[in-house]
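What follows is a set of notes on a single structure, which appears directly below.
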Amino acid sequence: MTIDTRTKGTLTLLLCVSAFTLPWTVGALLLLSTFLLPLLSSAFRPISDRSRRAFRRFSLYAAVLAGVLILLNSILLREGTALFTFLGIPLFDGGFLFGVKTATRLLLLSFSLLHFFLSTPIRIIASELQQTRIPPQIILSLLLALHFIDRLPARIERIFAAQEARGAPIRSSFFRRVKSFFTILTPLILTSISESIDRGIALELRGFHSGVRLLDAPPSTRSSVILSRAFLTLSLLLILWRIIRWVLL
Amino acid sequence: MGLVVEIRNLVYQYSPHLPNALGGISFNVLPNTCCAILGPTGAGKSTILQAISGILRSHHRQGKAEGVIRIGDVIHQPIPDKSQFPNVGYVLQEPEVHISGLFETVAEEITFTLRTLDVPPTLHADRVRRITDALGLGHLLHRNPTHLSGGETQRVALATILVAEPPILLLDEPTTSLDIHGQMRLYEYLRKIKQTTTLLIAETNIDLALFVADYLVVLEGGQIVFNGTKAEFIQRIADFSSILAATEWHDILKSIANPRTRAEKRLASVLAK
């Protein structure tokens with residue numbers, strides 16, 4: 001199935017909105033369907049080996065995080081009856097259900113976004129945003145933020161390698177790695193912000209201004225316009241429905 | 001053709017709590033000549049280039065400037081308040097920031113500059129080919145610009161600016177990421193474009209600066225301690241040994257007396273002239 005970036009973007013928006021507006025059972029079904037998306041359409045397949053690796057790694061972390069979330073809720077929210085005991089600690093069904101609901105919502109949100117960003121080159125996102133008449137400066141800020149996220153793992157690895165070269169046992173254990181990560185977090189963010197500013201300056205030095213088209217985007221087809229408008233309308237209706245329900249109840 | 005750059009009594013202070021980064025400096029760079037700005041770290045080399053390019057004013061709003069900068073026939077008092085591109089091309093010290101990350105090939109990255117200038121698309125391929133041939137980038141045209149070596153990134157960064165054919169080119173330590181062959185190649189190229197471009201180069205590599213510069217300005221603590229021709233600089237070369245790196249001076253004096261490498265022989269022949 002051929003799906004263009006605009007349709008993909010609005011579908012992602014709809015899935016994100018669904019995560020917080022529809023019942024969690026529907027959310028769970030939608031979560032399962034996000035895993036089918038790459039099988040149904042090449043538009044949702046990762047664009048590179050790096051993206052594929054990132055998806056696998058993220059899936060693993062997400063599964064661990066969901067497990068921890070459900071476990072903690074089952075232990076801490078002492079509602080309903082005890083389902084079973086884990087290392088001598090009782091797990092309650094009320095907390096378990098709340099954990100499953102929360103994990104489902106978070107996973108649907110994160111996997112929808114992940115599928116979109118791992119299957120869409122930054123330049124295509126830029127050209128599509130440009131077509132929506134968003135000012136180039138805002139698009140550029142978004143791109144710089146995406147660029148920062150893109151380069152973050154490589155930058156962390158480089159700092160870790162430099163620390164290791166100086167004899168610091170960074171990778172000796174999981175906890176040391178986590179501790180080291182927090183130590184480098186502040187300088188990492190500050191240097192990245194500084195680099196983003198420099199990138200902005202470099203673009204200004206190349207004559208970038210508000211009238212410049214970043215990229216030439218292919219014209220949208222009629223079907224993609226209809227589909228993307230439908231997804232956008234559905235998203236807005238879901239938000240509206242949620243607000244009305246919240247006000248009335 | 002290159003344009004004149006004239007700086008008169010330029011004073012710049014980044015913030016009221018800091019001492020002046022530039023303390024009333026004046027110098028001229030004539031069209032189609034090259035001026036090398038030398039000095040230790042923090043002397044104010046980059047500040048001068050940023051002031052001329054226009055980004056100093058636009059990115060340091062709290063900074064205070066006095067003086068005059070003339071670029072061609074346009075007088076900016078005290079300094080330009082926006083980017084002077086394409087009249088002034090400025091290549092920053094960190095070449096990787098010139099790679100936008102928006103494009104998949106080096107050719108597209110360089111072409112983007114032409115798009116910002118509204119150059120007709122029919123001319124893009126020719127302009128890009130000319131600059132990439134001159135900088136030896138022809139084999140990289142279809143490579144991803146974010147996956148290049150330091151030297152290649154430096155040359156692509158330069159190409160993104162030079163493709164606009166700016167009459168004034170500012171280079172902030174352009175040889176930092178280049179090996180000796182890359183440095184010589186770049187300076188050979190700069191000597192060539194000097195025929196049509198005014199060059200200002202902030203450089204710590206003194207022997208390379210001498211290779212291409214007609215005038216030299218030596219800065220220390222935001223003040224000019226030397227402003228003159230290459231010949232005058234060489235006559236007073238010993239006066240600056242305390243300001244600039246001693247090891248470099250030792251190397252320079254040694255290479256003038258007894259040139260061994262290709263670069264040293266070239267330097268000795270340039271200085272002999």
Side-chain angles (χ1 to χ4, degrees), chain A residues 5 47-51 117 120-131 134-155 158 191-218, chain B residues 46 49-50 52-60 80 82-105 108-119 121 124 144-147 153 156-164 166 169-172:
Chain A
T5 310
I47 46 172
S48 64
D49 285 341
R50 199 164 147 240
S51 304
F117 283 110
T120 318
I122 289 177
R123 59 196 297 272
I124 304 293
I125 299 174
S127 69
E128 287 297 330
L129 287 174
Q130 198 172 242
Q131 282 199 332
I134 294 173
Q137 291 93 330
I138 294 174
I139 298 172
L140 207 62
S141 307
L142 180 73
L143 293 178
L144 289 173
L146 287 175
H147 201 74
F148 161 67
I149 295 166
D150 186 43
R151 287 169 66 101
L152 200 61
R155 204 183 280 257
R158 221 168 47 215
T191 53
S192 299
I193 291 170
S194 158
E195 196 194 296
S196 297
I197 293 169
D198 287 344
R199 265 176 209 285
I201 291 173
L203 276 169
E204 195 181 324
L205 287 171
R206 288 169 70 185
F208 179 79
H209 55 87
S210 56
V212 173
R213 286 185 66 78
L214 288 167
L215 299 150
D216 288 325
Chain B
S46 300
L49 299 188
Q50 287 176 16
I52 299 167
S53 72
I55 61 164
L56 190 61
R57 186 77 163 200
S58 61
H59 288 271
H60 296 277
K82 61 179 182 185
S83 171
Q84 294 299 297
F85 190 80
N87 270 345
V88 179
Y90 179 22
V91 182
L92 296 167
Q93 201 172 344
E94 299 83 15
E96 62 277 4
V97 300
H98 282 274
I99 310 299
S100 67
L102 281 172
F103 306 99
E104 284 170 355
T105 66
E108 287 175 317
E109 184 71 59
I110 299 170
T111 307
F112 179 63
T113 306
L114 298 175
R115 293 162 62 108
T116 66
L117 297 174
D118 290 330
V119 173
H124 288 184
N144 188 322
T146 56
H147 299 159
T153 304
V156 172
L158 199 59
T160 60
I161 299 295
L162 284 176
V163 74
L169 180 62
L170 315 177
L171 300 165
D172 200 346

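All chains are named by letter (A, B, ...) in the order of the sequence lines, taking the proteins before the strands, and each is independently numbered beginning at 1. Hydrogens, waters and symmetry mates play no part in the numbers below; they use all other heavy atoms, side chains included.
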Sequence neighbours excluded, the answer for salt bridge (Lys or Arg N to Asp or Glu O under 4.0 Å) partners of B:E108 is A:R123
Taking all non-hydrogen atoms of both residues into account, name the closest pair between [X] and [Y] and its distance.
X: B:S100; Y: A:L203; value: CB-CD2, 4.2 Å
X: A:L205; Y: B:F85; value: O-CD1, 2.9 Å
X: B:I55; Y: A:E204; value: CG2-OE2, 4.2 Å

Output for pair (B:E94 CD, A:R199 CZ), nearest 0.5 Å, gives 10.5 Å
When rounded to the nearest 0.5 Å, the distance separating CG of A:D198 from NE2 of B:H59 is 9.5 Å
For A:A202, the side-chain contact (heavy atoms from CB on, under 4.5 Å) test, sequence neighbours excluded, returns B:L92, B:V97, B:H98
Scored by heavy-atom pairs under 4.5 Å with chain A, the best of B:T146, B:T160, B:I161 is B:T160
